[in-house]
Number of protein chains: 2
Amino acid sequence: MRVTLKDIAEKSGYSITTVSRALGGFDDVNEGTRKRIVTIADDMGYQPNLIARQLRDRRTNTIGIIAPMNIESAEDDFFNILIKGIAHTASLHRYDLLISAQLPSHDEMDAYRRIAGGNRVDGLIVARTYRDDPRIAYLSSNNIPFVVSGRSAPGETSDFHYIDVDSQTGLRLAVEHFVDYGHQHIGLILPPAHLAFTAYRLKGYQDGLDGAGLPFREEYVTYGDLHRESGQQQAEALIQAHPELTAIIACNDLMALGAMRGVRNCGLRVGEDIAICGFDDIPAAQHVTPTLTTIYQPIFEIGEGLTTRLLNVISQEAPIEKGILLDPQLVIRESSGKKRV
Amino acid sequence: MRVTLKDIAEKSGYSITTVSRALGGFDDVNEGTRKRIVTIADDMGYQPNLIARQLRDRRTNTIGIIAPMNIESAEDDFFNILIKGIAHTASLHRYDLLISAQLPSHDEMDAYRRIAGGNRVDGLIVARTYRDDPRIAYLSSNNIPFVVSGRSAPGETSDFHYIDVDSQTGLRLAVEHFVDYGHQHIGLILPPAHLAFTAYRLKGYQDGLDGAGLPFREEYVTYGDLHRESGQQQAEALIQAHPELTAIIACNDLMALGAMRGVRNCGLRVGEDIAICGFDDIPAAQHVTPTLTTIYQPIFEIGEGLTTRLLNVISQEAPIEKGILLDPQLVIRESSGKKRV
DNA sequence: TTGTATGCGTTATCAA
DNA sequence: TTGATAACGCATACAA
């Protein structure tokens with residue numbers, strides 16, 4: 001059986017209280033008894049029951065994240081790296097990370113109610129905001145500490161702590177870059193419409209076209225699901241329907257990688273026939289052939305920042321400014337091809 | 001404040017016990033009162049305090065894993081995918097996953113004592129066994145449920161539940177494949193020596209050479225740290241020191257990907273001048289150019305299997321046969337180049 | 001059908 | 001310097 005304070009108390013002849021305080025290092029316990037108790041505790045291999053402590057303290061030293069964890073998401077390096085940043089930083093502050101896998105078949109809000117409402121964590125990190133996000137509404141109205149990767153959709157208020165990249169500007173930069181390289185017909189593969197950042201990226205795309213005096217054509221815009229496969233499918237569909245396209249921007253690197261394959265499947269060359277740009281700058285972007293032009297965002301550091309921010313919120317020392325909007329950075333690589341004259 | 005059974009009891013006029021049983025769906029409570037209580041609970045937004053429940057039930061419905069989670073490990077798709085498999089399967093059984101990041105600066109055993117000894121989880125998954133693994137010794141001697149990805153080093157007993165791939169055979173297959181393709185001088189990049197599977201892979205390499213009547217040359221064998229960088233460095237070092245090498249086997253795909261770059265840095269072509277083989281078959285293996293020959297192991301499924309196994313152990317229904325040894329599978333791709341005559 | 005009492009393991013308050 | 005007691009929130013054995 002597991003060793004408890006009671007066991008040590010019995011063995012040592014002291015009360016549970018004294019044992020607790022001796023082990024807790026309080027100075028109101030006699031040095032001799034402290035030593036005796038500590039020795040016995042070590043001998044018995046005592047480990048405090050963290051659950052009991054959590055109940056008593058009403059705090060878990062754990063932060064939570066509810067995330068897609070199926071096999072399709074295995075390649076989703078944005079999430080993989082974000083989680084590493086979170087877990088790493090949490091660990092530095094002696095916090096653990098509770099991960100609840102979000103199965104497509106399960107109601108996501110149930111998970112939030114269970115984990116957050118059930119006191120399993122001191123706070124949560126919400127990733128990939130939705131338009132009119134019910135998770136945020138729930139956490140806000142229940143005063144559960146949380147921080148968000150991403151902000152609300154345009155037009156909604158973002159009255160919570162978040163870190164986001166200004167992806168509207170990011171997309172504009174990508175379009176400007178392609179225009180500068182001589183492209184007139186630029187396709188766009190968006191994330192699912194219910195995600196908040198999708199609207200920003202679409203706006204950035206339009207901004208870029210506007211600035212260049214190019215027309216916005218709805219038929220050049222398509223939606224993927226952020227995974228590799230859909231990038232390929234959408235790219236192939238775009239190319240087949242609109243042979244005049246010479247460039248495609250995919251709204252995350254994974255879809256961009258898929259798009260590269262789609263380009264090849266159409267018998268075209270990436271960079272030379274069709275330029276490709278992604279978003280995120282996951283490691284694969286610089287290792288793929290040809291290397292992938294993309295919008296960089298510091299994913300690991302965002303995970304770090306979200307975590308320190310969340311710990312601040314938990315300990316009620318949250319800074320006044322709630323949102324942090326990072327500048328995106330265009331990283332030009334081989335998939336841009338050469339400037340056309 | 002947070003709603004408890006007590007609050008509902010007061011509001012409804014029933015006792016805590018009755019409330020508890022009404023909400024628990026027991027049939028020894030009057031249908032009318034049940035309805036009344038449920039309504040009030042819903043109105044008040046009641047969520048059971050899971051921590052209290054865990055303390056009371058002495059069970060957490062959580063499994064744990066202690067894993068490296070720094071930025072260097074971000075690309076470590078073996079772990080990324082394994083964790084997805086674990087979290088996914090856990091979720092299917094209504095279990096959550098507690099991740100504790102293992103910082104290089106922290107004592108790993110402390111984490112095990114804290115998490116496992118501290119009752120935070122019902123069981124643990126141990127990944128990447130060490131030679132003479134203290135984690136396994138600790139968990140075994142404390143009767144804490146656990147399962148292991150990987151088995152003990154050769155010569156040690158593996159008296160615990162594990163799933164492993166027969167990587168000795170895997171390496172032998174890789175060598176035989178390269179020999180068949182006409183290679184006589186095959187370099188090897190091993191994982192760190194303290195990992196248990198390193199010895200198996202080295203033995204498989206030797207088996208392959210023996211079977212082909214080729215001499216084992218210690219100078220063809222080098223050690224990496226499983227990351228991309230070290231694959232590159234070790235490959236470059238091997239090639240420079242031994243220009244007669246025409247093939248290199250790296251013991252995981254990430255190092256193999258690094259090795260591919262190393263080959264190029266030496267002015268050579270992957271596949272044509274130097275054949276490369278990896279181990280794991282992470283997604284990148286089939287997406288890199290040229291595609292990577294490797295030893296396949298079903299990582300996600302291993303995560304699934306480990307988890308169901310662990311849940312069996314936790315509920316005391318563990319099968320008799322403790323270990324599962326999977327057959328490795330050689331996947332030949334472009335990095336093998338063409339058969340030489 | 002409902003309520004009382006007890007315990008899970010810990011820590012803090014207060015009295016001795 | 002030490003110990004008895006209570007509380008965290010829940011669920012059960014047992015009594016009514």
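Here the structure is a predicted model, which means the values were calculated and not measured. Just so we're on the same page: letters track the sequence lines, and every chain starts at 1.
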Start with the C-alpha gap between A:T307 and A:T89, add the side-chain angles, then the distance that decides, and say whether side-chain hydrogen bond (donor to acceptor under 3.5 Å, both in side chains) holds. CA-CA 6 Å; A:T307 308; A:T89 312; 4.6 Å; no

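- For B:Y14, taking side-chain heavy atoms from C-beta onward, the closest of the listed nucleotides D:dG3, D:dT1, C:dG3 is C:dG3.
- Spacing between atom CG of B:L23 and atom P of D:dC10 amounts to 9 Å, rounded to whole angstrom units.
- Exactly one of B:E317, B:E301, B:E321 qualifies for a salt bridge (charged side-chain N to carboxylate O under 4.0 Å, His left out) with B:R309. That residue is B:E321.
- Scanning atom types as modelled, one donor and one acceptor separated by under 3.5 angstrom connect the side chain of A:R21 and the base of D:dG3.
- The phosphate of C:dG9 has neither OP1 nor OP2 within less than 4.0 Å of any side-chain N or O from A:T4.
- Distance CG (A:D27) to C1' (D:dT2): 14 Å, rounded to an integer number of Å.
- Whole-Å rounding puts the B:N119 CG to C:dG9 P distance at 8 Å.
- With hydrogens and angles ignored, no donor-acceptor pair under 3.5 angstrom links the side chain of A:R56 to the base of C:dT10.
- Using a 4.0 Å cut-off, some side-chain N or O of B:T33 falls inside it from OP1 or OP2 of C:dT2.
- When distances are taken from the side chain of B:A52 to each of D:dG9, C:dT1, C:dT11, the shortest belongs to D:dG9.
- Nucleotide D:dT12 holds its C1' atom 13 Å from the CZ atom of B:R53, rounded to whole Å.
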Assess whether ring pair (Phe, Tyr, Trp, His ring centres under 6.0 Å) is satisfied between B:F146 and B:H161, documenting all intermediate values. CA-CA 7 Å; B:F146 71 100; B:H161 293 276; 8.3 Å; no

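- Across the interface with DNA chain C, nearest-nucleotide mapping of B:E31 and A:P48 shows B:E31 to be the residue nearer the 5′ end.
- Spacing between atom CG of A:L55 and atom P of C:dG9 amounts to 12 Å, rounded to whole angstrom units.
- Residue-level contact check: A:I16 touches the bases, meaning some heavy atom is under 4.0 Å from a base atom.
- Note on B:N49: only backbone sugar-phosphate atoms sit closer than 4.0 angstrom, heavy atoms only; bases stay farther off.
- A donor-acceptor pair under 3.5 Å is formed between the side chain of B:R2 and the backbone N or O of A:G117.
- In terms of heavy-atom proximity, B:I65 sits nearest to B:F79 at CD1-CE2, 4.1 Å.
- Rounded to a whole Å, the CD1 atom of B:I51 is 18 Å from the P atom of C:dC8.
- Between A:I8 atom CD1 and C:dG9 atom P the separation is 12 Å, expressed in whole Å.
- Of all non-hydrogen atoms in B:I83 and B:M69, the two that sit nearest each other are CD1-CE, 3.6 Å.
- As a whole-Å value, the separation of B:Y46 OH from D:dA11 C1' is 10 Å.
- Considering only side-chain N and O atoms, A:S20 lies under 4.0 angstrom from the phosphate OP1 or OP2 of C:dT11.
- Judged by atom type and distance alone, A:T17 reaches the base of D:dA4 through a side-chain donor-acceptor pair under 3.5 Å.
- Along DNA chain C, the nucleotide nearest to B:D57 and the one nearest to B:T18 differ in position, and the one closer to the 5' end is contacted by B:T18.
- At a threshold of 4.0 angstrom between heavy atoms, the contacts of B:N30 are confined to the sugar-phosphate backbone, with no base atom among them.
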